[in-house]
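Heavy-atom basis, side chains included; hydrogens, waters and symmetry copies ignored.
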Amino acid sequence: IYIVLAAQFESLIYPASMICTILFSVIGVYWFFLVTGTTFTLMAMIGILILIGVVVNNGIVLIDHVNQLRLQGLNREHALIQAGEERLRPILMTVGTTVLGLTPLCIGTTQIGGDGPPYFPMARAIVGGLLFSTFVSLVLLPTIYTWLDIVRHWPSKLFRLLGRLLRPVLRGLTWPFRRLAGLRRA
């Protein structure tokens, strides 16, 4: 997932924010399982795999729009606010339709083939993870994006500051060489 996101965003830092939302969604799965008393089974693991796709999609919808707004000239804070406002409805519609569509499976005890494992752990994993990750995507994802953007620009700012601080020192170190160069010309 990380490599595909890195190719899409043309950055190695911004996909890390998506990975954080995946981790938070798995936390949401465990909390939902704790509240509902559901045991973690193979079907729950399959639900987490499905959940990862939806969570990454919600993150892409938000972060891609932020990057587009920044390319148009908005600064980071305004782009995050505007993208949050403009992408709130699509994210909530995706989550809402998925949760409503899986509600019958969360309640029922339908089994694969009549005697196989039940579907409800998978459905509960998706619903619990989506409910928690929606909050994370809308509140913490912009925060994580901001931190990573600061980290992304930090080395260049550090080198510029070091260059300004060390410029007088480096000039002082080069005077003997300049003097030798002047003597050779004469």
Side-chain angles (χ1 to χ4, degrees), residues 1-70 79-80 83-113 116-152:
I1 293 173
Y2 184 82
I3 294 170
V4 173
L5 290 172
Q8 179 178 355
F9 290 123
E10 297 176 356
S11 170
L12 294 175
I13 292 184
Y14 295 137
S17 61
M18 305 294 174
I19 302 301
C20 290
T21 59
I22 292 171
L23 295 175
F24 284 123
S25 69
V26 173
I27 292 170
V29 170
Y30 285 113
W31 283 355
F32 197 73
F33 277 16
L34 182 69
V35 169
T36 60
T38 307
T39 57
F40 194 82
T41 62
L42 177 68
M43 293 304 286
M45 288 184 217
I46 294 171
I48 288 176
L49 290 175
I50 296 168
L51 173 67
I52 288 171
V54 178
V55 168
V56 167
N57 182 44
N58 288 343
I60 289 172
V61 165
L62 184 63
I63 297 300
D64 188 48
H65 194 58
V66 169
N67 288 339
Q68 288 176 0
L69 291 173
R70 289 186 74 185
L80 284 167
E85 290 173 355
E86 293 175 358
R87 294 300 182 231
L88 177 65
R89 186 187 308 161
I91 290 173
L92 290 179
M93 286 174 54
T94 302
V95 171
T97 55
T98 306
V99 168
L100 289 175
L102 289 173
T103 300
L105 281 177
C106 287
I107 297 169
T109 57
T110 305
Q111 294 179 323
I112 298 174
Y119 279 122
F120 69 88
M122 178 185 68
R124 289 179 185 173
I126 297 170
V127 168
L130 270 180
L131 291 176
F132 189 72
S133 73
T134 301
F135 168 75
V136 170
S137 293
L138 296 174
V139 176
L140 291 180
L141 183 60
T143 306
I144 294 168
Y145 178 89
T146 303
W147 291 342
L148 292 174
D149 194 51
I150 290 169
V151 168
R152 180 176 161 230

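- The backbone N or O of I22 lies less than 3.5 Å from a partner atom in the side chain of S25, making a donor-acceptor pair.
- The closest side-chain heavy-atom distance from M45 to I48 is not below 4.5 Å.
- With rounding to the nearest 0.5 Å, the separation of CD1 in I107 from OG1 in T36 is 12.0 Å.
- Two residues are said to be in side-chain contact when any heavy atoms from C-beta on lie closer than 4.5 Å; L140 and T21 fail this criterion.
- Taking every heavy atom of both residues into account, F120 and G108 meet most closely at CB-O, 3.6 Å.
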Worksheet item: Hey, mind stepping through N67 and E10 against side chain to side chain contact (heavy atoms under 4.5 Å, CB included) and telling me if it holds?
Response: CA-CA 11 Å; N67 288 339; E10 297 176 356; over 6 Å; no
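- Side-chain atoms of F132 and F32, non-hydrogen and from C-beta on, never get closer than 4.5 Å to each other.
- Taking every heavy atom of both residues into account, Y2 and I19 meet most closely at CD1-CG1, 4.0 Å.
- Closest approach of I63 and S17 over heavy atoms only: CG1-OG, 4.5 Å.
- Nearest approach of L12 to A6, heavy atoms of both residues: CD2-CB, 4.0 Å.
- Taking the side chain to side chain donor-acceptor pair (under 3.5 Å) definition, one finds that D64 meets it with Q68, sequence neighbours left out.
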Discussion item. Checking I60 against L5 for the side chain to side chain contact (heavy atoms under 4.5 Å, CB included) test, could you report, in this order, the C-alpha distance in whole Å, the side-chain angles of both residues, the deciding distance, and whether it holds?
Written reply: CA-CA 8 Å; I60 289 172; L5 290 172; 3.5 Å; yes
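- At a threshold of 4.5 Å between non-hydrogen side-chain atoms, the residues V66 and Y14 do not count as touching.
- Nearest heavy-atom pair, N58 versus S137, reported as atom, atom and distance to 0.1 Å: CB-OG, 4.4 Å.
- Atom CG in N57 sits 13.5 Å away from atom CD1 in I52 (nearest 0.5 Å).
- Here the OG1 atom belonging to T39 is positioned 9.5 Å from the CZ atom belonging to R124, to the nearest 0.5 angstrom.
- Every residue was checked against the side chain to side chain donor-acceptor pair (under 3.5 Å) condition with Y119, not counting sequence neighbours, and none meets it.
- Annotation: the span from R87 atom CZ to L62 atom CG amounts to 9.0 Å, rounded to 0.5 Å.
- M43 and P118 make their closest contact through CG-O, 3.4 Å (heavy atoms, listed as atom of the first residue, atom of the second, distance).
- Taking the side chain as every heavy atom from C-beta outward, I126 and V54 never approach each other to under 4.5 Å.
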Discussion item. With side chain to side chain contact (heavy atoms under 4.5 Å, CB included) as the criterion, how do Y145 and L141 come out once you've worked through the C-alpha distance, each side chain's angles and the decisive distance to 0.1 Å?
Written reply: CA-CA 6 Å; Y145 178 89; L141 183 60; 5.5 Å; no
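- Here T41 contributes atom OG1 and I46 contributes atom CD1; the two are 8.0 Å apart, rounded to the nearest 0.5 Å.
- Contact of the L92 side chain with the T134 side chain is registered, since non-hydrogen atoms from C-beta on lie closer than 4.5 Å.
- Distance CG/L23 to CE/M18: 13.5 Å, rounded to 0.5 Å.
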Fill in: side chain to side chain contact (heavy atoms under 4.5 Å, CB included) evaluation trace for Y30 with L34
CA-CA 6 Å; Y30 285 113; L34 182 69; over 6 Å; no
